[in-house]
Protein chains: 2
Amino acid sequence: MPAKGARYHHGDLRPAMVDAAVDVIAERGVRDFSMAEASRRLGVTTAAPYRHFADRDELLAAVAVRGLSVFAAMLSAAADGASAPDQRLAAMAGAYVRFAATQRPLFAALFSSGLDKSRHPELQRAWEPVDALLTTAVLEVCQGDEGAADALGDAIEATAHGYAMLLTDGEYGDGQIAVDATADRAIASARALIAGRAALPS
Amino acid sequence: MPAKGARYHHGDLRPAMVDAAVDVIAERGVRDFSMAEASRRLGVTTAAPYRHFADRDELLAAVAVRGLSVFAAMLSAAADGASAPDQRLAAMAGAYVRFAATQRPLFAALFSSGLDKSRHPELQRAWEPVDALLTTAVLEVCQGDEGAADALGDAIEATAHGYAMLLTDGEYGDGQIAVDATADRAIASARALIAGRAALPS
DNA sequence: GTCTATATCCCGATAGAC
DNA sequence: GTCTATCGGGATATAGAC
């Protein structure tokens with residue numbers, strides 16, 4: 001905080017805007033997030049951010065990119081906590097739900113922002129580690145059968161995503177109990193999908 | 001269309017607004033839906049709708065209510081097309097995805113509008129037939145075991161919902177092929193969950 | 001039941017000074 | 001790299017006339 005004059009110069013506005021955006025999304029939701037509000041919280045003019053972000057979507061994309069690194073870390077940590085391939089994969093489904101619940105603004109930036117991924121190459125690149133973690137885990141379970149792994153991977157992703165969306169929509173109630181219960185259900189569902197995967201196409 | 005003067009009197013604005021809202025949502029998405037735009041399409045002032053809807057959310061809720069009747073009809077039709085309980089339940093998962101894909105604006109009003117269900121009792125009531133259809137189908141599969149039915153029902157709902165959301169987000173591409181493939185995957189996943197349901201809590 | 005008119009507010013984005 | 005100032009647009013919602 002440079003104590004120069006009454007005027008505020010930030011000095012490192014870009015990352016600060018990402019932080020502020022996360023806060024605004026947390027309080028208002030992605031759909032009501034605005035550059036103007038985020039700027040105000042930093043004590044900066046609404047014009048300032050445009051030196052760092054071409055437009056609103058680019059700031060949202062930066063939030064999403066940060067989200068993906070957190071997401072990848074949580075998935076990775078969950079996988080490391082399990083030994084058998086089946087357990088690893090199931091644990092990742094649980095981590096998916098926990099990411100959504102504990103990092104709501106980041107999850108929202110990723111899945112409810114209406115961002116067109118194809119217009120943001122950095123975002124596409126940021127997905128790669130996450131995709132790789134899931135692909136690796138599911139391939140282990142399927143022992144290299146790529147067709148089977150594809151179907152099982154999509155099924156588990158969809159299930160985890162569904163639980164995550166319904167949870168963040170309040171469908172299962174609020175609070176830590178709902179989060180824990182939903183994560184457990186996602187884990188159990190992943191196990192059920194693995195057990196019943198003969199019914200999936202390959 | 002009363003050919004009175006240059007002035008437009010609608011006469012049946014309430015349902016017409018719901019139609020117009022669906023169109024606007026289809027083109028702009030729920031988040032960018034506005035009363036003003038819907039009014040314009042009907043050739044009516046932006047003030048007129050407020051005789052019929054207290055506010056924007058009430059119009060959105062009316063769209064959602066209409067959506068639920070279509071949803072229930074599609075789920076019911078899918079169930080009727082299958083004989084065995086397992087097949088019925090799996091078919092409903094497919095119908096869930098098809099509803100999302102073919103009735104995007106209605107699906108969006110239901111799940112991406114940010115509507116607080118508890119503030120709209122009509123909406124809560126409109127959910128009942130849908131819930132009943134799913135509950136009945138899953139109870140048949142579980143032969144009356146309510147605990148098991150609850151877990152399996154949630155799992156299948158979450159899976160169908162996840163596929164539906166990812167499909168409408170463009171994750172699987174556009175077009176009829178993607179819709180068909182995703183519906184098939186939802187059906188197969190439901191079968192896998194049924195087959196592996198021993199892994200679910202009861 | 002709809003219209004005219006209006007109050008109020010917020011947003012994204014740009015130009016040009018410092 | 002941030003500020004001042006501003007343009008142009010759109011939204012919700014209300015008051016009062018017809």
Side-chain angles (χ1 to χ4, degrees), chain A residues 1-21 23-25 27-63 108-109 112-116 119-120, chain B residues 1-21 23-25 27-63 108-109 112-116 119-120:
Chain A
M1 269 117 217
K4 229 12 178 331
R7 205 73 96 294
Y8 194 88
H9 252 243
H10 197 283
D12 209 6
L13 188 55
R14 206 193 130 92
M17 278 295 290
V18 177
D19 292 338
D23 289 347
V24 174
I25 294 170
E27 289 170 31
R28 296 189 171 191
V30 228
R31 77 167 15 19
D32 289 329
F33 154 80
S34 77
M35 291 280 259
E37 176 63 20
S39 307
R40 249 173 258 133
R41 304 215 175 182
L42 293 177
V44 154
T45 359
T46 64
Y50 288 90
R51 282 284 136 173
H52 304 277
F53 304 96
D55 54 29
R56 181 182 181 273
D57 278 359
E58 230 175 63
L59 172 51
L60 277 177
V63 175
S112 308
S113 64
L115 273 180
D116 186 354
R119 294 179 95 85
H120 299 273
Chain B
M1 272 117 220
K4 230 10 180 332
R7 204 73 96 295
Y8 194 89
H9 250 244
H10 198 283
D12 209 7
L13 188 55
R14 205 190 130 93
M17 277 296 290
V18 177
D19 292 339
D23 289 347
V24 174
I25 294 170
E27 290 171 28
R28 297 190 170 190
V30 230
R31 71 150 83 323
D32 288 330
F33 155 79
S34 75
M35 292 279 260
E37 176 63 20
S39 308
R40 250 173 255 133
R41 304 217 176 182
L42 292 177
V44 152
T45 354
T46 64
Y50 288 90
R51 281 283 137 174
H52 304 276
F53 304 95
D55 54 29
R56 181 181 182 273
D57 278 359
E58 230 176 62
L59 172 51
L60 278 177
V63 175
S112 308
S113 63
L115 233 50
D116 185 354
R119 294 180 93 85
H120 300 272

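Quick note on labels: first sequence line is chain A, next is B, and so on, each numbered from 1. Below, each value reflects all heavy atoms present in this structure, side chains not excepted, and no hydrogens, waters or symmetry copies. Note that this is a predicted model, so its numbers are computed, not measured.
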Visitor: Distance check needed: D:dT12 P versus B:L60 CG, whole Å only.
Guide: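 So the CG-P distance, B:L60 to D:dT12, works out to 10 Å.
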
Visitor: Among A:I25, A:V30, A:V63, whose side-chain contact (heavy atoms from CB on, under 4.5 Å) with A:S113 holds?
Guide: A:V30

Visitor: Take B:R14 and A:A54, find for each the nucleotide of DNA chain C with the closest heavy atom, and name the residue whose nucleotide sits nearer the 5' end.
Guide: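 Its nearest nucleotide lies further toward 5', so the answer is B:R14.
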
Visitor: How far does CG of A:D32 sit from CZ of B:R31, to the nearest 0.5 angstrom?
Guide: 9.5 Å

Visitor: Counting the atoms with a prime plus P, OP1 and OP2 as sugar-phosphate, which does B:A48 contact under 4.0 Å by heavy atoms, base, sugar-phosphate, or nothing?
Guide: sugar-phosphate

Visitor: Name the closest nucleotide to the A:R40 side chain, picking from D:dT2, C:dT4, C:dC11.
Guide: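 The nucleotide sitting nearest to the side chain is C:dC11.
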
Visitor: From the list D:dA13, D:dT4, C:dA13, which nucleotide is the closest neighbour of the side chain of A:D55?
Guide: C:dA13

Visitor: Taking 4.0 Å as the cut-off, does a side-chain nitrogen or oxygen of B:R51 come that near to OP1 or OP2 on C:dT2?
Guide: no

Visitor: For B:M17 and B:F53, work out which heavy atoms get closest and say how close.
Guide: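 It is CB-CE1, 3.7 Å.
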
Visitor: Using heavy-atom distances to pick each residue's nearest nucleotide on DNA chain C, tell me which of B:D12 and B:T46 is more 5'.
Guide: B:D12

Visitor: Pairs under 3.5 angstrom only: tabulate donor-acceptor contacts from the side chains of residues 42-52 of chain A to other protein residues two or more places apart or in another chain.
Guide:
none

Visitor: Verify, without hydrogens or angle tests, whether B:R28 (side chain) and B:S34 (backbone) share a donor-acceptor contact under 3.5 angstrom.
Guide: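 Not confirmed, B:R28 side chain does not pair with B:S34 backbone.
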
Visitor: Nearest whole Å is fine: how far is D:dT2 P from A:L13 CG?
Guide: 5 Å

Visitor: Quick check for you: among D:dT2, D:dT12, C:dC3, whose closest atom lies nearest to any side-chain atom of B:Y50?
Guide: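 Closest of the options to the side chain of B:Y50: D:dT12.
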
Visitor: Can you tell me which nucleotide in D:dT2, C:dC3, C:dG1 comes closest to the side chain of A:H52?
Guide: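 In terms of side-chain proximity for A:H52, the closest of D:dT2, C:dC3, C:dG1 is D:dT2.
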
Visitor: In whole angstrom, what separates B:E58's CD from D:dA13's P?
Guide: 10 Å

Visitor: Atom CE in A:M35, atom CG in A:L59: separation rounded to 0.5 Å?
Guide: 5.5 Å

Visitor: Near DNA chain C, counting only heavy atoms under 4.0 Å, which residues of residues 27-39 of chain B show up?
Guide: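 Per residue number, the list is empty: none.
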
Visitor: In Å, rounded to the nearest 0.5 Å, how long is the span from CD of A:E37 to CD of A:E27?
Guide: 8.0 Å

